[in-house]
Structures are given as C-alpha cells and as structure tokens.
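Model, not experiment: these values are computed from the prediction. Reminder, nothing fancy here: chain letters follow the sequence lines and each chain counts from 1.
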Amino acid sequence: MLNKKQIRECLDVFEDMFPDAECELTHKNPFELLVAVVLSAQATDALVNKVTPQLFKKYKSPEDYLAVPLEELQHDIKSIGLYRNKAKNIQKLSHTLIDKFNGKVPSTKQELESLAGVGRKTANVVASVAFDEPAIAVDTHVERVSKRLAICRYKDSVLEVEKTLMRQLPKEEWSDTHHRMIFFGRYHCKAQRPNCEECQLLHLCREGQKRMRKKERK
DNA sequence: AACTCGGGGCA
DNA sequence: TGCCCAGAGTT
C-alpha cells in the first residue's frame, strides 16, 4: 500500500496529465444528469452524448417520460445498449420522483439509490456533481488504477476501494481526482495495454514493474 | 460470485 | 470476428 506522500505524487501526476478532466455531464440540471448517467451504464460517454441532445429536447420532466408508450421511449434511446431495461427504469424512476419526491431529484445518496436503475455508482455521481455532496464513484477505471498503483489492496471489494479512497484523499480533491483517475485509466493505464513505458508513476507502481519485467524476459 | 442485458467502437 | 465499455438487478 502506498503512503500519503506517494499518493500525493500520484495525484500530482494525474493533475499534470489531465488538468481539465471533467465530467461532460456537469452542465446539465439534476434531472437531465440523472437520466444521462442512468443511460451511460455500460456505454461510452460519446454514445450517450450523441443521443441526449434530442432526447432532452423531447423529454424535459418526469411527466414527459410517462406521457409516451414504453416502446416509443425504447426507440428513442435504441442506439445506446441495454435500451429495453433502461427505458423501463427511466419510466419507473420518473414515477417515483413524482410520487415520493415531489417531482424533483433527491440529493442524498440513499434516496438516489432507491430509484430504479440507480445503483451505488450512479448515486455517487449525481450526488457529487449535481449537489456537491462528498462522494467518490468507483467505476472500473478507478478500481483498476487504484489496484495497480496499490492505492488500495488488490483484493479489495468495490466498497472497500471506495472507503480507502475516501480515507486517503483530501475531501476537497475528491471530485477532480475522480475525473482524472477515469481519464488516466481510460487513455493511459488501460485495461488491455497500459502504457507503462511512458508512465511517470512506474517507479512506484507494482503492477507496472511486474509488467516491465515480464516484457524484459521476452 | 456469476450471469444477463446489448449496440457501438475498436483492433 | 472477438472483446470491451464511466452498471444494475436477479439468483
């Protein structure tokens, strides 16, 4: 496990590589953000961003999503994967918003998680981006990067990764670090072919050094 | 813990 | 072609 000083070094490198890393969904209102994040499960941002402009033009409130037949909504989001379930979830979630939250998106993680199609990660993203609540959403990138760099233990569950990050990272940097780690994982420390050769963190990365040794032997 | 949903992107 | 993606729900 890395110590505080080593973790600080990681954060500085993240900032150096991706100073402007930001969630592309930030500018939207809480309801649009919620829908966009629910849609983005197992789909790339680019794909979601292609669909949302026209989608949000047509649907502006929970009522709007309930005003059309399920088939119509499914058709409107078809180019994103998993569209059947996602369309159902969005209608169910719209119903809950009207029913229990006065038509507004709730701000706490617990309330958000009670909505259809909203799990821990989505709840964390919405709470932190839309309502400035302290939260770190652990997705596949954050998990992989944290484990390779030994910011957490390799065997940690997703929940344990989240706890460790909240304990190790300064709260005021959670949001920025979160986005930078995602960029770092997506474009540099990739799942398949991490670019260890040009990595500024190789000297303190167990996984990277292991990979370089393996390459050496070939 | 393992499986399913799923179209699009990329090698 | 085959594999992966900023996941959630069910068993």
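Inter-residue side-chain proximity for A/I80 and A/K86 is flagged as met; some heavy-atom pair is nearer than 4.5 Å. Side chains of A/V35 and A/Y65 form a contact here, defined as non-hydrogen atoms less than 4.5 Å apart.
You'll find that the side chain of A/Q192 is closest to C/dC4, out of C/dA6, C/dC5, C/dC4. Nearest to the side-chain atoms of A/H141 among the listed nucleotides C/dG7, B/dC5, C/dA6 stands C/dA6.
Here A/Q42 reaches the OP1 or OP2 of C/dG7: one of its side-chain N or O atoms lies under 4.0 Å away. Contact between the side-chain N/O atoms of A/R84 and the OP1/OP2 oxygens of B/dG6 is found at a separation under 4.0 Å. At the phosphate of C/dA8, OP1 or OP2 sits under 4.0 Å from a side-chain N or O atom of A/T122. Contact annotation: A/R186 side-chain N/O to C/dA6 OP1/OP2 distance is under 4.0 Å.
Counting to the nearest Å, the P atom of C/dA8 and the CD1 atom of A/I80 are 15 Å from each other. For the pair A/L82 CG and B/dT4 C1', the interatomic distance rounds to 9 Å; values are reported in whole Å. Computed from coordinates, the A/E143 CD to C/dC4 P distance equals 15 Å when rounded to whole Å. As rounded to whole Å, 14 Å separates atom C1' of B/dG6 from atom CG of A/L39. If you take CD1 of A/I77 and P of B/dC5, they are 17 Å apart, rounded to a whole angstrom. When the P atom of C/dG7 is taken as reference, atom CG of A/N124 falls 13 Å away, rounded to whole Å. Atom P of nucleotide C/dG7 and atom CG of A/L112 are separated by 17 Å, given to the nearest angstrom. The interatomic distance linking A/N85 (CG) with B/dG6 (C1') rounds to 10 Å, in whole Å.
For the P atom pair drawn from B/dT4 and C/dC3, the interatomic distance equals 16 Å after rounding to whole Å. Separation of the P atoms belonging to B/dA1 and C/dA6 is 23 Å when rounded to the nearest angstrom.
Ionic pairing of A/R120 and A/E162 is present here: one or more N-O contacts between side-chain nitrogen and carboxylate oxygen are shorter than 4.0 angstrom. Classification of A/K5 and A/E9 as a salt-bridged pair fails, no side-chain N sitting under 4.0 Å from a carboxylate O.
Projected onto DNA chain C by closest heavy-atom contact, A/N89 and A/I182 fall at different nucleotides, the more 5' of which corresponds to A/I182. With DNA chain B read from its 5' end, the first of the two nearest nucleotides for A/K78 and A/R193 is the one closest to A/K78.
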- Message: If you apply the rule salt bridge (Lys or Arg N to Asp or Glu O under 4.0 Å), what do you find for A/E173 with A/R8, and how did you get there?
- Response: CA-CA 11 Å; A/E173 294 180 58; A/R8 183 70 256 165; 3.0 Å; yes
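Backbone-only contact: A/A191 has heavy atoms under 4.0 Å from sugar-phosphate atoms and none from a base. Nucleic acid contact for A/L47: sugar-phosphate only, since backbone atoms but no base atoms lie under 4.0 Å from a heavy atom of the residue. At the heavy-atom level, A/K50 lies under 4.0 Å from the strands shown only through sugar-phosphate atoms.
In this pair, A/F18 and A/F184 present their aromatic rings perpendicular. The plane angle is above 60°, beyond the 30 to 60° band.
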